[in-house]
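The sequence lines fix the lettering, A, B, ..., with proteins before strands; numbering per chain opens at 1.
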Amino acid sequence: MRRLEKISEKIEKNFEKGKPLHPFYSLFDAADTFLLTPKDITKTGSHIRDAVDMKRAMMTVIVALLPTLLFGLWNIGYQHNYSIDGSTELHILSNFWYGFLVWLPIVITVYVSGLSVEIIFAQIRKHQVAEGFFVTGMLIPLIVPPGIPLWIVSLATIFAVIFGKEVFGGNGYNFLNPALLARAFIFFAYPSVISGNKVWIADKADAFSGATPLDICKNAADAGLNANELLQQLPSIFDSFIGIIPGSIGETSKLAILLGGIILVITGVASWRIMVSTMAGGYLTALLFNLFGSGAYAAVPAHQQILMGGLLFAAVFMATDPVSSTHTRQGEIIFGLLIGILTILVRQWNQGYVEGLVLGLFLMNVLAPLIDWCVIQLNINKRKRRAIKARV
Amino acid sequence: MPKVFKIRKGLNIKIKGESAKEILPFNASRFALKPDDFRWIVPKLLVNEGEAVKVGTPLFCDKENENLLFVSPASGTVKQIVRGEKRKIEYVEIESDNRFESVTIDIPPITNAQNITLTLQKYGLWNTIRELPFNRIARPNRSPKAIFISGFDTAPLAPDVSYLIENQIDTIQKGIDIITHLSKGKIYLSLYKKANNDELKTLSGIEFVYFTGKHPAGDVSVQIHKIYPINKGEIVWYIDLQSLIMIGKLFGNQKLDFSKKIAICGTGLEKRGYISIPQGAELSTFLSQNAKKGNYRIISGNILTGKNISQSPFAGYYHHQITVIPEGGQRRLFGWLAPGFTLWSYSRTYLAWLFPWKKFNPNSSLNGGIRPVIFNTYYDNVFPFDIFPAQLLKACIAEDIDLMENLGIYEVTEEDFALCEVICPSKIAWQEIILKGLTMLKD
């Protein structure tokens, strides 16, 4: 270890102020602290500090994403084979390998495009390279369809990092979730690659439908099917829960997502309040549609509705983004509830946006500061009332 | 049964290095008074180098209130007056003759607050009474809405307060009788419910309040927030028990004695216990005989809010604890990936959380790079005030005075944010930022 430290010190000298390589200091720092924890000691305030830092916290999110990712990769291969010859064999390794080869170019594209922007901005601003993008870069490939063109992914990532984050001051100052912005960008700029029946299975056989549960519901509404006919077309609850259905790479397996959620809640990195309230908001709204709605889609049982699409994935990994969600405990619950409610409302009422989640989450990211403002104002008013009472 | 407040939001950091309940032999030969120990005091020197002083001889006063004297804790000669940048007085050092002769003491009749205030200022004990908001020395001739005394300490490795004041209860009672005259409000003494409070419970003329739960339950500002929160424009005073002993001795026995018990703790020491010395004693000779080999940091106070006194190791004026911990700075390979069985973290991101009974070895590593605030609600878990810590921090960074006031900055001191600072994954200097905010508001 000492030897590594010495080597690092030696290299660092070339990046010091006044040296020709100084403009690239943030790059050196990123690599150096990637390898070894920083050597800084406390100067002011408390003399000891927690061992956790932003790198570790972000790494924990990535670990929590692993079950989803691993299952998602296998499912890409499985869905591909299933669409071609109806094979229901598990073929764990070969399906996984197939999926891995589909995923790898996407993730490389995302990291290369996003990190280039991050490093350029860190250099200009003389910041250290923030760790937030490691999570964003992991999330983006999980929320796009497997067959997405790479140039679109790259464009969306660059757009999301610049306009979702850097223009506002970088990590910690953004009000939109960059991964969500990337998906929304693709959805509005290139809708054909991220909606419809054809895109959710990699290299699918043309004859095979390949519709996600959400698409099935929309198609049923278009075709005027009744509730029973629709329910027969939908995948079983078991399949939806385990995730053997077409969809974005990471969203299909609810089981894997729940595993990740448990990791996040135990480690204390993400808020269980947001997770629970988002699902509760979705479930209750769907239940209201069950009771009072009309049409086949509204009759789909509430628990089945919240297993569709990316609602659970978003509740666990996207809505809990500590920066773009609300910054108060009480606000978290309202924030989550409204995401769930809006998602189901958009899905049910505006069939032009099959995945209402993107809109619901997007809107709530924008409204989160307002929720916080209200919560904080309540606290301020309480303090003022107490002061008035004390004076009387 | 009196009211019991339970502090749920907080954190007891389990670290090694407790002190044993025994008095270690120690005779200090040098003492120092540091103006920096007294917030926002502008010192005006009253002695020169080489002058002879007694216990109680004024060394400097406050430029704004020349009655407020800061006096020598020992008799001997002024060895040196150390100045820093811009001739700022760092400390006034006294070489002790070990006789502790005091100036002649002349106590006026205790009839009114005015007499008591002047006497306390004259003999250098007024500065033991401090004022909130701002955590400064109490401004004389103001009327606090109450006076608070904390009867326990929950900080890491904190001394057992009942041991600090053992067999001194009568003197404390005398001190309480004196300060009662200073406020029209009540005097509150907070006790830890599960602690041995037999001696303290015999006190009279005060209101007992009980606390239980995690650190910072023992911090007086937390207790004030729970008992009787401060509104804008109000002031409260607080004092610690050992200072009450000094006041009690002055008025009861006509004796000026600045000695107090201090816990010596931390993993940097071979032998840990308590010492009984006058305030401001020089510790390096004592600690160096006792220290383990290596690079250590000497902290006056606890590891959360104490001052680093490695450069000039004189015990801080208000502290009753000296902590010695190893300096950090050792780099770890792949910190973001390693399992971390021996690391301490409030989060459960390292596997050490599977062994909650384990005490860990503290050091002064920052353990990460400085980042903007990301985990905004994470701090709520360790912050027992009805205040939004991250939002108040941001208001201080933005220097938004109205927002700071609205968010309740008058109810807190920077030390209340120590736990937020410790657990902060963004490694933000919370206490420094909050203090800057408070300094903007001072009148």
Practice prompt. Output, in order, the C-alpha distance, side-chain angles, deciding distance and verdict of salt bridge (Lys or Arg N to Asp or Glu O under 4.0 Å) for R386(A) and E411(B).
Written response: CA-CA 13 Å; R386(A) 193 184 69 208; E411(B) 294 162 51; 2.9 Å; yes
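- Contacts with chain A were tallied for L343(B), L435(B), I374(B); I374(B) has the most, counting heavy-atom pairs under 4.5 Å.
- Per-residue counts of heavy-atom pairs under 4.5 Å with chain A were compared for D386(B), N308(B), I13(B), L403(B); the largest is that of D386(B).
- Between the side chains of N381(B) and R329(A), at least one donor N or O sits under 3.5 Å from an acceptor N or O.
- With rounding to the nearest 0.5 Å, the separation of CG in N231(B) from NZ in K389(A) is 10.5 Å.
- Annotation for F168(A): atom CZ counts as buried by contact number, over 12 foreign heavy atoms lying within 6.0 Å.
- For I428(B), the side chain to side chain contact (heavy atoms under 4.5 Å, CB included) partners are V373(B), L393(B), C424(B), S426(B), W430(B), I433(B), not counting sequence neighbours.
- Most heavy-atom pairs under 4.5 Å with chain A, from the set G335(B), A390(B), A352(B): that is G335(B).
- In this structure, a donor-acceptor pair under 3.5 Å is absent between the side chains of T377(B) and R273(A).
- Scanning for side chain to side chain donor-acceptor pair (under 3.5 Å) contacts around D37(B) gives K307(B), with sequence neighbours left out.
- Looking at D32(A), both its backbone and its side chain come within 4.5 Å of chain B, counting heavy atoms on both sides.
- Between the side chains of D50(A) and N367(B), not a single donor N or O lies within less than 3.5 Å of an accepting N or O.
- In K232(B), the NZ atom is not crowded: 12 or fewer heavy atoms of neighbouring residues, nucleotides or ligands sit closer than 6.0 Å.
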Worksheet entry | Intermediate values then yes/no, salt bridge (Lys or Arg N to Asp or Glu O under 4.0 Å), E131(A) and R371(B) | CA-CA 9 Å; E131(A) 290 82 3; R371(B) 299 284 181 269; 2.7 Å; yes
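- When the candidates I41(A), D53(A), T33(A) are compared by the number of heavy-atom contacts under 4.5 Å with chain B, I41(A) comes out ahead.
- Contacts of F360(B) with chain A are made by side-chain atoms alone, with heavy-atom separations under 4.5 Å and no backbone atom involved.
- Heavy-atom distances place the side chain of E234(B), and not its backbone, under 4.5 Å from chain A.
- No side-chain N or O of N406(B) forms a donor-acceptor pair with one of R383(A) less than 3.5 Å apart.
- A donor-acceptor contact shorter than 3.5 Å is absent between the side chain of T267(A) and the backbone of R348(B).
- Comparing T42(A), D29(A), N381(A) by how many heavy-atom pairs each has under 4.5 Å with chain B, the most go to T42(A).
- Of all residues spanning residues 330-337 of chain A, those with a heavy atom less than 4.5 Å away from chain B's heavy atoms are Q330(A), E332(A), arranged by number.
- Under the 3.5 Å distance criterion, the side-chain polar atoms of Y378(B) are left unmatched by any main-chain donor or acceptor of V269(A).
- Using a 4.5 Å cut-off on side-chain heavy atoms (C-beta onward), H47(A) and L304(B) make no contact.
- In this structure, the portions of E421(B) lying under 4.5 Å from any heavy atom of chain A include both its backbone and its side chain.
- Within the model, atoms CD1 of I387(B) and CG of N379(A) stand 7.5 Å from one another, a figure rounded to the nearest 0.5 Å.
- Heavy atoms closer than 4.5 Å to chain A are found in the side chain of F388(B), but not in its backbone.
- Looking at S8(A), only its side chain comes within 4.5 Å of chain B, counting heavy atoms on both sides.
- At least one donor-acceptor pair closer than 3.5 Å links the side chain of W336(B) to the backbone N or O of F34(A).
- Only the side chain of I325(B) comes within less than 4.5 Å of a heavy atom in chain A; its backbone stays farther off.
- Ranked by heavy-atom pairs shorter than 4.5 Å toward chain A, the options W344(B), Y350(B), Y346(B) are led by Y350(B).
- Across V63(A), I266(A), V52(A), the residue that shares the most heavy-atom pairs under 4.5 angstrom with chain B is V52(A).
- Both the backbone and the side chain of A418(B) come within less than 4.5 Å of a heavy atom in chain A.
- Ranking S46(A), A57(A), P322(A) against chain B, the residue ahead of the rest is S46(A), based on heavy-atom pairs under 4.5 Å.
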Check residues 368-377 of chain A and write down every donor-acceptor pair under 3.5 Å in which the side-chain atom is one partner and the other belongs to a residue at least two apart or another chain.
| residue | atom | partner | partner atom | Å |
| --- | --- | --- | --- | --- |
| D372(A) | OD1 | H327(A) | N | 3.0 |
| D372(A) | OD1 | T328(A) | N | 3.2 |
| D372(A) | OD1 | T328(A) | OG1 | 2.8 |
| D372(A) | OD2 | H327(A) | N | 2.7 |

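- When heavy atoms are compared at a cutoff of 4.5 Å, Y173(A) approaches chain B solely by way of its side chain, counted from C-beta outward.
- Interatomic distance, OG of S364(B) versus CG of D40(A), reported as 10.5 Å (0.5 Å rounding).
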Worksheet item: Yes or no on side chain to side chain donor-acceptor pair (under 3.5 Å) for R56(A) and S345(B), after CA distance, side-chain angles and deciding distance?
Response: CA-CA 11 Å; R56(A) 184 73 181 191; S345(B) 176; over 6 Å; no
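- Looking at I423(B), both its backbone and its side chain come within 4.5 Å of chain A, counting heavy atoms on both sides.
- With contacts defined as side-chain heavy-atom distances shorter than 4.5 Å, the pair T44(A)/Q431(B) does not qualify.
- Closest approach of L337(B) to M59(A), counting heavy atoms only: CD1-CE, 3.7 Å.
- In terms of heavy-atom pairs under 4.5 angstrom with chain B, the leader among G268(A), G172(A), G45(A), A51(A) is A51(A).
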